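Because the structure is a prediction, the values reported are computed rather than measured. Along the sequence shown, residues carry numbers from 1.
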Amino acid sequence: MSVERRGLMFVLSSPSGAGKTTLSRLLIERMPGLKMSVSATTRPMRPGEVDGRDYLFVDQARFKQMVQRNELLEWATVFDNSYGTPRPPVEAALSAGQDVLFDIDWQGTQQLRERARADVVSVFILPPSAADLEKRLHSRAQDSDAVIRSRMSRATHELSHWAEYDYIVINHDVDEAFAEVQSILKAERLKRERRTGLTTFVRDLQRQLEK
Ligand code: 5GP
């Protein structure tokens with residue numbers, strides 16, 4: 001019998017190119033009960049991206065409106081573009097006992113933590129080396145050299161926030177990193193304070209034992 005529990009907010013952050021997108025995709029494919037939060041952004045769509053699946057692509061005016069109407073759970077400016085998490089899908093998933101996966105930066109993670117500390121589990125993904133990070137940014141082949149250079153220089157800044165996270169995973173190998181991230185989620189799901197159905201479960205158990 002499964003024990004009812006409260007959904008958690010599972011956050012993955014990293015400098016871009018550290019493999020976070022691949023890890024997120026694997027988690028969604030392989031972990032039942034986990035739903036991806038689709039962010040809104042003002043950045044242009046990249047080749048291969050799908051509106052509504054990878055992001056909700058919106059213009060500045062719509063993004064501003066979302067902020068003003070308090071429709072975003074958190075939001076931040078990254079690489080001159082605005083990114084934010086639409087609130088309603090997250091609240092619906094959590095109250096249905098589902099977990100939500102967020103691919104957001106350190107600014108968004110701070111905001112989520114301020115709002116819902118007990119429900120947030122955060123993981124920072126580190127690349128094994130600077131050379132590896134650069135190689136991945138180039139192999140992605142979606143961004144111009146200028147964009148890649150600015151992402152490399154941003155990486156130093158993003159890295160400085162590693163100590164604000166609950167867990168750190170070094171992505172030497174994607175399968176190994178995935179297994180680590182998966183273990184974190186599995187263990188966090190078993191935390192006593194999240195398992196709201198435990199009192200009833202144990203009471204029933206005691207009743208059966210007393211018979
Ligand atoms: P990209 O443009 O490469 O898709 O994302 C750039 C950065 O923005 C990544 O570090 C990603 O985690 C972050 N990001 C994406 N969506 C959100 C969001 O909704 N909120 C915040 N704070 N950051 C986001």
Can you list the steps and then say if Tyr55 with Tyr83 is a side chain to side chain contact (heavy atoms under 4.5 Å, CB included)?
CA-CA 9 Å; Tyr55 281 105; Tyr83 295 83; 3.6 Å; yes
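- With no hydrogens or angles considered, no side-chain donor-acceptor pair links Arg113 and Gln110 at under 3.5 Å.
- Contact check on Arg136 versus Asp132 returns a salt bridge, with a Lys/Arg side-chain nitrogen under 4.0 Å from an Asp/Glu carboxylate oxygen.
- Using modelled atom types, one side-chain atom of Gln107 and one backbone atom of Thr77 make a donor-acceptor pair closer than 3.5 Å.
- Residue Arg192 places its CZ atom among 12 or fewer non-hydrogen atoms of other residues, nucleotides or ligands, all under 6.0 Å distant.
- The 12-atom threshold is not exceeded at CG of Asp80, counting heavy atoms of other residues, nucleotides or ligands nearer than 6.0 Å.
- Using a 4.5 Å cut-off between side-chain heavy atoms of Ile, Leu, Val, Met, Phe, Trp and Tyr, with links allowed through other members, Val38 and Leu73 fall into different hydrophobic clusters.
- Ring geometry for His161 against Trp106 counts as parallel: the plane angle stays under 30°, on a 0 to 90° scale with 60° as the upper cut.
- With rounding to the nearest 0.5 Å, the separation of OG in Ser150 from CG in Asp145 is 11.5 Å.
- Within the 4.5 Å cutoff, no side-chain heavy atoms of Thr109 are placed close to those of Glu114.
- Counting heavy atoms from C-beta on, the side chains of Val90 and Thr85 come closer than 4.5 Å.
- Atom CD of Glu91 is separated from atom OG of Ser95 by 8.0 Å, given to the nearest 0.5 angstrom.
- Remark: side-chain polar atoms of Thr42 are paired, donor with acceptor, to backbone N or O of Ser82 under 3.5 angstrom.
- In terms of heavy-atom proximity, Trp75 sits nearest to Leu72 at CB-CD1, 3.9 Å.
- Hydrophobic clustering, with ILVMFWY side chains joined whenever heavy atoms are under 4.5 angstrom apart, groups Leu12 together with Val174.
- Using a 4.5 Å cut-off between side-chain heavy atoms of Ile, Leu, Val, Met, Phe, Trp and Tyr, with links allowed through other members, Leu198 and Leu205 fall into the same hydrophobic cluster.
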Pair Lys186-Leu190, side chain to side chain contact (heavy atoms under 4.5 Å, CB included): steps then yes or no:
CA-CA 7 Å; Lys186 283 183 177 171; Leu190 294 175; 5.9 Å; no
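- Remark: the backbone N or O of Val120 is paired with a side-chain donor or acceptor of Arg117 at under 3.5 angstrom.
- Residues Thr199 and Phe201 have side chains not in contact (no heavy-atom distance under 4.5 Å, counting atoms from C-beta outward).
- Contact check for Leu27 versus Phe178: side-chain heavy atoms found under the 4.5 Å cut-off.
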Evaluate side chain to side chain donor-acceptor pair (under 3.5 Å) for Arg62 paired with Gln65, printing each intermediate quantity in order.
CA-CA 5 Å; Arg62 173 65 186 126; Gln65 190 184 51; 2.8 Å; yes
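- Annotation for Asp166 and Ser122: closest pair OD2-N, 2.9 Å, computed over non-hydrogen atoms.
- Taking all atoms of both residues into account, the shortest heavy-atom contact from Ile168 to Trp162 is CD1-O, 3.4 Å.
- The hydrophobic cluster containing Met36 also contains Val121, counting ILVMFWY residues as joined when their side-chain heavy atoms lie under 4.5 angstrom apart, directly or transitively.
- For the pair Asp119 (side chain) and Met9 (backbone), a donor-acceptor distance under 3.5 Å is absent.
- Taking 4.5 Å as the limit, some side-chain heavy atom of Val11 sits within range of a side-chain heavy atom of Ile104.
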I'd like to know whether Lys35 forms a salt bridge (Lys or Arg N to Asp or Glu O under 4.0 Å) with Asp99, so could you lay out the CA-CA distance, the side-chain angles of the two residues, the decisive distance to 0.1 Å, and finally the verdict.
CA-CA 6 Å; Lys35 195 174 168 289; Asp99 300 325; over 6 Å; no
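- Nearest heavy-atom pair, Gly48 versus Asp54, reported as atom, atom and distance to 0.1 Å: O-OD2, 4.2 Å.
- With contacts defined as side-chain heavy-atom distances shorter than 4.5 Å, the pair Leu126/Leu159 qualifies.
- From Met66, atom CE reaches atom CG of Asn70 across 11.5 Å, with rounding to the nearest 0.5 Å.
- Note that the CG atom of Asp103 and the OG atom of Ser37 stand 9.5 Å from one another [nearest 0.5 Å].
- Arg194 contributes no side-chain N or O that, together with a main-chain N or O of Arg5, makes up a donor-acceptor pair within less than 3.5 Å.
- Linking Ile, Leu, Val, Met, Phe, Trp and Tyr residues whenever their side-chain heavy atoms come within less than 4.5 Å leaves Ile28 and Phe102 in two separate clusters.
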Could you please spell out the steps behind the side chain to side chain donor-acceptor pair (under 3.5 Å) verdict for Glu188 and Tyr167?
CA-CA 11 Å; Glu188 288 286 345; Tyr167 297 91; 2.6 Å; yes
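- Residues Gln98 and Leu34 have side chains not in contact (no heavy-atom distance under 4.5 Å, counting atoms from C-beta outward).
- By the 4.5 Å heavy-atom criterion applied to side chains, Leu23 and Val123 are not counted as neighbours.
- Nearest heavy-atom pair, Leu133 versus Ala18, reported as atom, atom and distance to 0.1 Å: CD1-N, 3.7 Å.
- Of the possible polar contacts, none joining the Ser14 side chain to the Ser16 backbone as a donor-acceptor pair under 3.5 Å is found.
- Closest of all the heavy-atom pairs between Pro86 and Leu56 is CG-CD1, 3.9 Å.
- Under a 3.5 Å cut-off, the side chain of Glu49 and the backbone N or O of Arg46 do form a donor-acceptor pair.
- If you take CD on Glu180 and CG on Asp175, they are separated by 11.5 Å, rounding to the nearest 0.5 Å.
- Note that CG of Leu101 and CE of Met31 are 10.5 Å apart. Values are rounded to the nearest 0.5 Å.
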